[in-house]
Amino acid sequence: MRESRSNEPTVVLGGTGKIGRRVVRLLRERGVPVRVASRSGERRFDWTDRTTWEPALRGARSVYLVYLPDLASPDAAPRLREVGELAVSQGAERLVFQSGGGWPEAVPAEEAVRKAGAAWTVLRPAWFAQNFSEDLFLEPLRRGEVRLSAGDGGEPFVDARDVAEMAVAALTEDVHAGRVYELSGPESLSFGDAVARIARASGRDIRYVSLTPERFESELVRTGVPAEFVALELGRFAAVRSGAYAEVSDGVRRVLGREPRSFAEYVRETAATGVWANAG
Ligand SMILES: NC(=O)c1ccc[n+]([C@@H]2O[C@H](COP(=O)([O-])OP(=O)(O)OC[C@H]3O[C@@H](n4cnc5c(N)ncnc54)[C@H](OP(=O)(O)O)[C@@H]3O)[C@@H](O)[C@H]2O)c1
């Protein structure tokens, strides 16, 4: 009979990020042993430094995989395959991969995780609502102007808390093995609508400026974004403009048995924290 593995950790790669830290908190609340692995985590793990991989994965029972810097880069699939196989060689039985919703460029990375040799689950979240309060859109909002080439394309922003709950379900329940879940919020919004809602809720005048792709590209280059990532960003916003990501999906309801949190709820709660107050 197999010995109990209840002391072996779930390794959360990217466990300090927007989804990862919520996954860590939820697992620990359930008493699941967790190892937070990232460049600044409890255990150092760096996708660009192979020497950090094995120590981070040692003895893992399951692994949550968050890949940086970009799922679409050619390094993503081979690194995910190697890390996945290494995790399996350490005894990991489950791999849960944070991919991206409607991103054909992430499919090779998903394939790599699926072939690593463990039970796998792929999460394909839409853009996170929390990008507006914990990431790249926060400073522009504080300054009062968000400049993007998203046009009027819709995006069904998903709440990071829902993605984290989905991750925990996939890490702790056998029924999700071999499944791919598309995760979105309950409605699609343009970036202009999203910014307008945040402006209203925080009582501020914040402009959304719709840039041409050429203008967006020159602004990204000017702010020092490396050429490789400029191309990826342009491609992603072209897809937003075309409406390619706009479809709402039902993964959250199917797995968690309730409606996903709405953008309105996220905006109401987040505005109350004062995070969108003027940069001064
Ligand atoms: N943001 C979105 O709206 C969105 C939507 C769908 C899918 N995704 C995908 O989700 C993934 C994570 O995005 P995110 O927005 O959740 O990122 P995030 O909140 O910035 O979290 C990134 C995490 O990865 C770690 N990290 C960064 N570079 C690393 C490296 N070289 N090696 C190891 N760990 C590294 C960070 O911690 P340290 O700094 O400590 O290393 C952090 O814990 C990406 O693959 C992205 O494509 C994002």
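For ligands, and for the atoms within them, numbers begin at 1 and follow the listed sequence. Just so we're clear, the structure is a prediction, and the values are computed from it rather than from any experiment.
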Engineer: Among all protein heavy atoms in this structure, tell me which lies nearest to atom 10 (O) of ligand 1, with the distance rounded to 0.1 Å.
Structural biologist: Q98 NE2, 2.8 Å
Engineer: Which one holds for A126 and ligand 1: side chain close, backbone close, both close, or neither close, with close meaning a heavy atom under 4.0 Å?
Structural biologist: backbone
Engineer: Within the supplied structure, the quantity of interest is the number of heavy atoms (other residues, nucleotides, ligands) at a distance under 6.0 Å from D152 CG; does it exceed 12?
Structural biologist: no
Engineer: Taking NZ, NE, NH1 and NH2 as the nitrogens, is one of them in R261 or E165 under 4.0 Å from a carboxylate oxygen of the other?
Structural biologist: yes
Engineer: Please state whether the rings of W53 and W47 are parallel, tilted or perpendicular, taking 30° and 60° as the class boundaries.
Structural biologist: perpendicular
Engineer: Report the nearest protein non-hydrogen atom to atom 40 (O) of ligand 1: residue, atom name, distance rounded to 0.1 Å.
Structural biologist: S40 OG, 2.5 Å
Engineer: Between W103 and ligand 1, which residue portion shows a heavy-atom distance shorter than 4.0 Å: side chain, backbone, both, or neither?
Structural biologist: side chain
Engineer: Any salt bridge between E187 and R197, counting N to O under 4.0 Å?
Structural biologist: yes
Engineer: Backbone or side chain, does any N or O of R39 fall under 3.5 Å from an N or O of ligand 1?
Structural biologist: yes
Engineer: May I ask which of F45, Y67, W47 has a heavy atom nearer to atom 45 (O) of ligand 1 than the others do?
Structural biologist: Y67
Engineer: Any idea which of R236, Q130, K18 brings a heavy atom closest to atom 15 (O) of ligand 1?
Structural biologist: K18
Engineer: Under 4.0 Å from a heavy atom of P125: which atoms of ligand 1 are those, numbered in the order shown and with their elements?
Structural biologist: 6 (C)
Engineer: Go through the steps to decide whether Y64 and Q98 satisfy the test side-chain contact (heavy atoms from CB on, under 4.5 Å), and finish with yes or no.
Structural biologist: CA-CA 8 Å; Y64 189 61; Q98 181 174 309; 2.7 Å; yes
Engineer: Measure from atom 24 (O) of ligand 1 to every heavy atom in D49, L68, L232, V12 and give the option owning the shortest one.
Structural biologist: L68
Engineer: May I ask you to check if R236 and W103 form a cation-pi contact, with NZ or CZ under 6.0 angstrom from the six-membered ring centre and within 45° of the axis?
Structural biologist: yes
Engineer: Please set out all donor-acceptor pairs under 3.5 angstrom arising from side-chain atoms of residues 223-234, sequence neighbours excluded.
Structural biologist:
from: T223; atom 1: OG1; to: E219; atom 2: O; distance (Å): 3.2
from: T223; atom 1: OG1; to: L220; atom 2: O; distance (Å): 2.9

Engineer: Suppose I only count heavy atoms of G17 and a 4.0 Å limit; which atoms of ligand 1 are within that range?
Structural biologist: 19 (O), 21 (O), 42 (C), 43 (O)
Engineer: Tell me if the centroids of the rings in F263 and F132 come within less than 6.0 Å of each other.
Structural biologist: yes
Engineer: Side chain or backbone, does W127 bring an N or O within less than 3.5 Å of an N or O on ligand 1?
Structural biologist: no
Engineer: Distance under 4.0 Å to a non-hydrogen atom of S38: what atoms of ligand 1 satisfy this?
Structural biologist: 37 (O), 38 (P), 40 (O), 41 (O)
Engineer: Is there a polar contact, in the sense of an N or O pair closer than 3.5 Å, between G14 and ligand 1?
Structural biologist: yes
Engineer: Taking only heavy atoms of V66 into account, list the atoms of ligand 1 that are under 4.0 Å away from them.
Structural biologist: 11 (C), 12 (C)
Engineer: Residue-level breakdown please: for P69 versus ligand 1, do any non-hydrogen atoms fall below 4.0 Å on the side chain, on the backbone, on both, or on neither?
Structural biologist: neither
Engineer: Between E111 and R81, does any side-chain N to carboxylate O distance fall below 4.0 Å?
Structural biologist: no
Engineer: Are E182 and R124 close enough, and set up right, to give a salt bridge (Lys or Arg N to Asp or Glu O under 4.0 Å), and what steps lead you there?
Structural biologist: CA-CA 5 Å; E182 308 279 344; R124 288 183 178 162; 2.8 Å; yes
Engineer: What protein heavy atom sits nearest atom 31 (N) of ligand 1, and how far away is it?
Structural biologist: D46 OD1, 3.1 Å
Engineer: Answer yes or no: is there an ion pair linking E85 with K115, defined by an N-O contact shorter than 4.0 Å?
Structural biologist: no
Engineer: Can you name the residues that form a side-chain hydrogen bond (donor to acceptor under 3.5 Å, both in side chains) with R207, not counting sequence neighbours?
Structural biologist: E145
Engineer: Only heavy atoms of N131, strictly under 4.0 Å: list the atoms of ligand 1 that pass.
Structural biologist: 1 (N), 2 (C), 3 (O)
Engineer: Between ligand 1 and T48, is the shortest N or O to N or O distance under 3.5 Å?
Structural biologist: no
Engineer: Going by the order shown, which atoms of ligand 1 are within less than 4.0 Å of some heavy atom of T16?
Structural biologist: 36 (C), 37 (O), 38 (P), 40 (O), 42 (C), 43 (O)
Engineer: Looking only at non-hydrogen atoms, which of G102, A56, S99 approaches atom 7 (C) of ligand 1 most closely?
Structural biologist: S99
